[in-house]
> 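First the structure, then my questions, so here it is.
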Amino acid sequence: MYRVQCIKIDTSFSGEMRYDDFRTKLLENAGRPAIVNVNIGTTVKGAIDDLDEIISTLENCGFRDRFYIHCDGALAGLMLPFIKQAPKVTFIKPIGSISVSGHKLLGCPTPCGVVINRLKDIDVLKSTNIEYIASNDVTISGSRNGQSPIFLWYKLKSMGYEGIRREIEACLRNARYLTVHLKNVGISAFMNSKSIIVVFEKPKDEVFVQKWQLACAGNVAHVVVMPHVSFEMLGIFVEELTEKRYALLQDKEFSVPCVALDIGQENCLCKLHENIRSSL
Ligand SMILES: Cc1ncc(COP(=O)(O)O)c(C=O)c1O
């Protein structure tokens, strides 16, 4: 939209930014300013980039006063404040903005979200006076949904801090259960420790993928263990997947696919990585 050159930074199998690659790309672009999108929960793997590491890399590479950091916390941004030992995403650090979605974790019925910026950046936009609403406006279209803040307010007020904390705790517990359960039945699986997203070997059965509306990316699929996803639902999911898989395992041609590049060798249950592990 702004016609700014976009440079992608490599990630490790967990989905987290590779800071060595970040450093290389900063040095290749020394002398230019950097706008950095820090992921506070990536879409597919729920990986959280290390904000402190990113800030110190920027400073060490000479970008001291030439960077702007946006923290994209669409899903996990609302979770971190409720998780013990989670990294702190805060304006005490030199970040420019944070965004979270309202229709994901909080379940608002229409797409909505919150972006928090520094006042000095908002002030630049104050000159945008929209005549027909007799107001200063900072949206691109000069228009917004008035119901969304009410939904957000209602959800936050009705659940309260403790209610949200309990819900997140349950989601994390269920996600851990799903990961272990999948591995126990021989399906390669992985989750980042402060995420509610479980990534696993993409099921071969398209009907199963459609039925459960699984989001797939390359060799893997993921389940986002949201508050409505119960322990029982996960049990049924794994049971059905195991049945499909049992049928596949009867086929002599079938071998468990290798997903080490997608979710790490230690989480891959293909023959090669099983053999390597057992020989250690
Ligand atoms: C990391 C990340 N950022 C942004 C978005 C988009 O957020 P929204 O739906 O609030 O525009 C998503 C949605 O899946 C996401 O996963």
Side-chain angles (χ1 to χ4, degrees), residues 11-17 39-50 71-89 100-108 155 159 161-203 208-209 211-245 259-269:
T11 55
S12 64
F13 78 81
S14 70
E16 184 176 346
M17 184 188 287
N39 263 297
I40 308 301
T42 56
T43 306
V44 175
K45 297 178 179 173
I48 298 171
D49 293 329
D50 185 333
C71 299
D72 177 356
L75 171 66
L78 269 169
M79 293 171 45
L80 291 197
F82 300 91
I83 302 177
K84 274 190 203 138
Q85 277 133 28
K88 294 227 170 348
V89 182
V100 293
S101 306
H103 52 285
K104 295 197 173 87
L105 194 81
L106 293 179
C108 290
K155 190 74 188 179
M159 290 192 71
Y161 184 94
E162 200 39 40
I164 300 175
R165 195 196 59 75
R166 269 201 307 273
E167 204 159 72
I168 291 168
E169 197 176 63
C171 292
L172 284 166
R173 201 173 43 238
N174 286 350
R176 274 184 231 115
Y177 163 76
L178 175 60
T179 311
V180 172
H181 204 18
L182 283 169
K183 281 182 161 175
N184 283 347
V185 297
I187 296 167
S188 308
F190 161 78
M191 69 177 271
N192 276 297
S193 66
K194 291 172 190 73
S195 165
I196 57 171
I197 301 178
V198 179
V199 190
F200 56 99
E201 173 201 320
K202 181 180 163 186
F208 180 85
V209 170
K211 177 186 166 184
W212 290 89
Q213 286 288 293
L214 292 180
C216 301
N219 302 321
V220 289
H222 79 188
V223 165
V224 186
V225 185
M226 294 296 258
H228 72 284
V229 179
S230 64
F231 204 68
E232 291 71 31
M233 204 189 276
L234 293 173
I236 296 169
F237 175 79
V238 177
E239 201 175 308
E240 271 186 35
L241 186 53
T242 314
E243 264 172 39
K244 302 278 178 203
R245 194 155 171 96
V259 285
L261 288 178
D262 305 273
I263 59 172
Q265 293 187 11
E266 59 272 44
N267 302 303
C268 179
L269 303 184

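Since the structure is predicted, the reported quantities are computational estimates derived from the model, not experimental observations. Residue numbers count from 1 along this sequence.
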> Angle class for the Phe237/Trp212 ring planes (parallel below 30°, perpendicular above 60°, tilted otherwise)?
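Answer is perpendicular, since the angle exceeds 60°.
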> Salt-bridged, Glu162 to Arg165, with N to O below 4.0 Å?
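Salt bridge: yes.
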> Under a 4.5 Å cut-off applied to non-hydrogen side-chain atoms, are Asn174 and Val229 in contact?
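No. Closest side-chain heavy atoms not under 4.5 Å.
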> Compare every heavy atom of Gly41 with every heavy atom of Ala76, then report the nearest pair and how far apart it is.
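Taking every non-hydrogen atom into account, CB-CA, 4.1 Å.
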> Given side-chain contact (heavy atoms from CB on, under 4.5 Å), test Leu75 with Met226 step by step and report yes or no.
CA-CA 10 Å; Leu75 171 66; Met226 294 296 258; 4.0 Å; yes
> Minimum heavy-atom separation for Ala74 and Lys104, please, with both atom names.
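The pair with the smallest heavy-atom distance is CB-NZ, 3.7 Å.
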> When rounded to the nearest 0.5 angstrom, what distance separates OG in Ser14 from CD in Glu16?
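So the OG of Ser14 and the CD of Glu16 are separated by 5.0 Å.
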> Side chains of Ile164 and Leu78, heavy atoms from C-beta outward: is any pair under 4.5 Å?
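No; the side chains remain at least 4.5 Å from each other.
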> Please determine whether the number of non-hydrogen atoms from other residues, nucleotides or ligands lying under 6.0 Å from atom CD of Glu239 exceeds 12.
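Count not over threshold, so no.
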> Just verifying a value: how many Å separate Cys171 SG and Arg176 CZ, rounded to the nearest 0.5 Å?
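Answer for the SG-CZ pair, Cys171 versus Arg176, is 11.0 Å.
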> Starting from the C-alpha separation in whole Å, work towards a yes-or-no answer on side-chain contact (heavy atoms from CB on, under 4.5 Å) for Ile83 and Ile168.
CA-CA 8 Å; Ile83 302 177; Ile168 291 168; 4.2 Å; yes
> Which heavy atom of Lys194 sits nearest to which heavy atom of Pro87, and what is that distance?
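Heavy atoms of Lys194 and Pro87 come nearest at CD-CD, 4.0 Å.
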> Would you give the length of the straight line joining atom NE2 of His228 to atom CD of Glu167, rounded to the nearest 0.5 angstrom?
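Here the interatomic distance stands at 11.0 Å.
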> May I have the step-by-step check of side-chain contact (heavy atoms from CB on, under 4.5 Å) for Lys45 and His222, ending in yes or no?
CA-CA 8 Å; Lys45 297 178 179 173; His222 79 188; over 6 Å; no
> CG of Asn219 to CG of Asp262: how many Å apart, nearest 0.5 Å?
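Spacing of CG (Asn219) from CG (Asp262) equals 4.5 Å.
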> Tell me the closest heavy-atom pair linking Ile197 and Val44, and the distance in Å.
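Answer, listing the atom of Ile197 first, then Val44: CG2-O, 3.0 Å.
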> Hey, does Ser195 have a side-chain heavy atom less than 4.5 Å from the side chain of Ile48?
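Side-chain contact under 4.5 Å: no.
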> CG of Leu269 to CZ of Phe200: how many Å apart, nearest 0.5 Å?
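Interatomic distance, Leu269 CG to Phe200 CZ, rounded to 0.5 Å: 13.0 Å.
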> Cys268 vs Phe190, test: side-chain contact (heavy atoms from CB on, under 4.5 Å). Steps then yes/no.
CA-CA 9 Å; Cys268 179; Phe190 161 78; over 6 Å; no
> Which of these passes side-chain contact (heavy atoms from CB on, under 4.5 Å) with Cys71: Asn39, Asp49, Ile40, Val100?
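Going through the options one by one, the only one that passes is Ile40.
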> Taking all atoms of both residues into account, what is the closest heavy-atom pair of Leu172 and Ser193, and its distance?
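Closest approach of Leu172 to Ser193, heavy atoms only: CD2-O, 4.1 Å.
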> Does Lys183, at its NZ atom, have more than 12 non-hydrogen atoms belonging to other residues, nucleotides or ligands within less than 6.0 Å?
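Enclosed.
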> If only atom types and distance count, is the side chain of Thr42 paired as donor or acceptor with the main-chain N or O of Ala47 below 3.5 Å?
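Side chain of Thr42 to backbone of Ala47, a donor-acceptor pair under 3.5 Å: yes, one is there.
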> For residues His181 and Leu234, determine if any side-chain heavy atom of one lies less than 4.5 Å from a side-chain heavy atom of the other.
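His181 vs Leu234: side chains apart.
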> Rounded to the nearest 0.5 Å, how far apart are CZ of Arg245 and CD of Glu201?
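Those atoms lie 4.0 Å apart.
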> Can you see which heavy atom on Leu261 is nearest to which on Phe13, and at what distance?
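Shortest heavy-atom separation between Leu261 and Phe13 comes out as O-CB, 3.7 Å.
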